[in-house]
Amino acid sequence: MEAKATQHLSPGRRRWNRFKKNRRGYYSLLIFGVFFCLSLGAEILSNNVPFFVVYKGGYYFPFLKVYPETVFGGDFETETDYQDPFFLTQMGHDGNSAYYPPNRHGYNSINLNIDGPLPSRPTKTNLLGTDDRGRDVLARLLYGFRLSVLFGFALTLVGTVLGIIAGAVQGFFGGRVDLFSQRFIEIWSSMPELYLLIIFASIFKPSLLLLLLLLSLFSWMGLSDYVRAEFLKGRNMDYVQAARALGVSNITIMYRHLLPNGMAPVITFLPFRMSAAILALTSLDFLGLGVPPSTPSLGELLAQGKANIDAWWLSLSAFIVLVGTLILLIFIGEALRETFDPRQR
């Protein structure tokens, strides 16, 4: 009865059920999804400004908009210091109130009340301590995790699209197109990627967009080989020959007939490609070739831990977040590989 019920399910539903049977990959996906969703609301979870303020019957959202001090009864037109005793006193009268995040530190805010040397050890105020500039490590981990995952998503998306296009063109047309493309890929893959990054980092101002552009130039080559093999295998199938005989355009055949059958290796490698993108960003930040210094980054925390060996909380916390993220993505990738394996029933 169970086998008959399974046969009536759509292919996508059957694959989802097969994926859920891999408990390690399924729970890894849930854990990764929960942490990523929490990081998307980092401004509400960790910030040095309140996310909601009630003042004299008005409602304000400081994490979305900058308010001058005069709005809350101050004398200056500069941005309000929400940790200032004057503001805290104002919030204690006439029904005024401010609702702060659980962690009252932003990724760039500095704790000026530290008595000892920097980096400072974990305390009740800074649960994971501070870095060498007095910034909260927990806040920088939360924002850095979000930045790494979003960058991984972006680089994976761009590299996947370019890899699919390049592999599809090579596999579908074959012949000289495939020959010249393979020679170009051999030459392009031999380019010293790290040296190019160093050169461009010395010429241009470091930014996420520049990193995304440079890494995208090389990230598509690994996937294009698998897509090329799938298109080479499928271009001589009977249904493709029938579509050609009916006058269907090459683009339509590639998109509607060959691409769906060649998506299995693409989907299978997505988590592994994303983990490689996160590791690449972390490595470049560790070497000082990544994002600007003020940007929260896991690699920058690891570099600080290397420069401050006694500050174990810097290296340990960044290491746990980075390794935990990569392990979850690897487990998800292994589950997807088993799900799309044609030998699995």
Side-chain angles (χ1 to χ4, degrees), residues 36 39-40 42-43 66 79 106-110 131-137 139-167 169 181 183-224 269-270 272-308 314-315 318-319 321-322 325-326 329:
F36 177 62
S39 69
L40 292 178
E43 285 80 5
V66 176
E79 182 181 356
Y107 68 88
N108 250 353
S109 61
I110 298 176
D131 62 4
D132 56 4
R133 299 182 184 179
R135 299 172 298 191
D136 186 66
V137 173
R140 294 190 67 80
L141 280 177
L142 182 60
Y143 286 86
F145 172 77
R146 182 178 67 179
L147 178 68
S148 299
V149 174
L150 291 177
F151 181 84
F153 275 132
L155 183 58
T156 302
L157 177 62
V158 175
T160 300
V161 172
L162 294 178
I164 290 176
I165 294 174
V169 171
S181 299
R183 300 295 81 78
F184 170 77
I185 291 177
E186 290 175 1
I187 296 173
W188 189 250
S189 61
S190 63
M191 297 285 287
E193 183 178 356
L194 182 59
Y195 288 156
L196 290 177
L197 289 171
I198 295 175
I199 293 172
F200 280 101
S202 61
I203 298 176
F204 301 101
K205 182 180 179 180
S207 65
L208 279 176
L209 184 60
L210 178 62
L211 283 179
L212 180 62
L213 177 62
L214 293 177
L215 293 178
S216 298
L217 296 177
F218 299 92
S219 63
W220 57 272
M221 289 181 289
L223 184 63
S224 65
F269 280 99
L270 284 180
F272 299 106
R273 295 179 61 82
M274 186 172 172
S275 62
I278 294 175
L279 189 59
L281 177 64
T282 304
S283 302
L284 292 174
D285 289 338
F286 180 80
L287 297 174
L289 302 175
V291 297
S294 61
T295 307
S297 167
L298 300 179
E300 190 252 351
L301 280 176
L302 290 174
Q304 287 198 31
K306 175 179 175 294
N308 301 274
L314 293 175
S315 301
F319 176 80
V321 172
L322 177 61
T325 303
L326 298 181
L329 290 173

Take Asp285 and Leu301, measure what side chain to side chain contact (heavy atoms under 4.5 Å, CB included) needs, and give me the verdict at the end. CA-CA 9 Å; Asp285 289 338; Leu301 280 176; over 6 Å; no
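- The only member of Thr160, Leu162, Val161, Leu270 that meets side-chain contact (heavy atoms from CB on, under 4.5 Å) when paired with Leu223 is Thr160.
- In this structure a side-chain-to-backbone donor-acceptor pair under 3.5 Å is missing from Asp131 to Leu314.
- Rounding to the nearest 0.5 angstrom, the gap separating the CG atom in Leu40 from the CG atom in Leu142 is 10.0 Å.
- Atom CD of Gln304 sits about 10.0 Å away from atom OG of Ser297, to the nearest 0.5 Å.
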Show me the donor-acceptor pairs, under 3.5 Å and distance only, between side chains in residues 210-218 and residues at least two apart or in other chains.
residue	atom	partner	partner atom	Å
Ser216	OG	Leu212	O	2.5

I'd like to know whether Leu209 forms a side chain to side chain contact (heavy atoms under 4.5 Å, CB included) with Phe204, so could you lay out the CA-CA distance, the side-chain angles of the two residues, the decisive distance to 0.1 Å, and finally the verdict. CA-CA 11 Å; Leu209 184 60; Phe204 301 101; over 6 Å; no
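- For the atom pair OG (Ser189) and CZ (Phe184), the distance works out to 9.5 Å, reported to the nearest 0.5 Å.
- Taken to the nearest 0.5 Å, the CG atom of Asp136 stands 8.5 Å off from the CG atom of Leu141.
- Sorted by first then second residue, the salt bridge (charged side-chain N to carboxylate O under 4.0 Å, His left out) pairs that include residues 291-305, not counting sequence neighbours, are Arg135-Glu300, Arg140-Glu300.
- Ala303 and Phe286 make their closest contact through N-CD1, 3.5 Å (heavy atoms, listed as atom of the first residue, atom of the second, distance).
- Ala42 and Tyr143 get closest at one heavy-atom pair: O-OH, 3.3 Å.
- Rounded to the nearest 0.5 angstrom, Tyr107 OH and Ser294 OG are separated by 6.5 Å.
- The minimum heavy-atom distance linking Ser275 with Leu326 is given by the pair O-CD2, 3.5 Å.
- Around atom CZ of Phe151, more than 12 heavy atoms belonging to other residues, nucleotides or ligands sit under 6.0 Å away.
- When all heavy atoms of Leu302 and Ala318 are compared, the closest pair comes out as CD2-CB, 3.7 Å.
- A heavy-atom distance below 4.5 Å is found between the side chains of Ser219 and Arg273.
- Between Phe145 and Thr325, the closest side-chain pair of non-hydrogen atoms falls below 4.5 Å.
- You'll find the side chain of Ile278 reaches within 4.5 Å of the side chain of Leu322, heavy atoms only.
- Listed by chain and residue number, Gln170, Trp220, Ser224 satisfy the side-chain contact (heavy atoms from CB on, under 4.5 Å) test with Ala166 (two or more places apart in sequence, or in another chain).
- Thr156 approaches Ala277 most closely through the heavy-atom pair OG1-CB, 4.4 Å.
- Expressed to the nearest 0.5 Å, how far CG of Leu155 lies from CG of Leu208 amounts to 11.0 Å.
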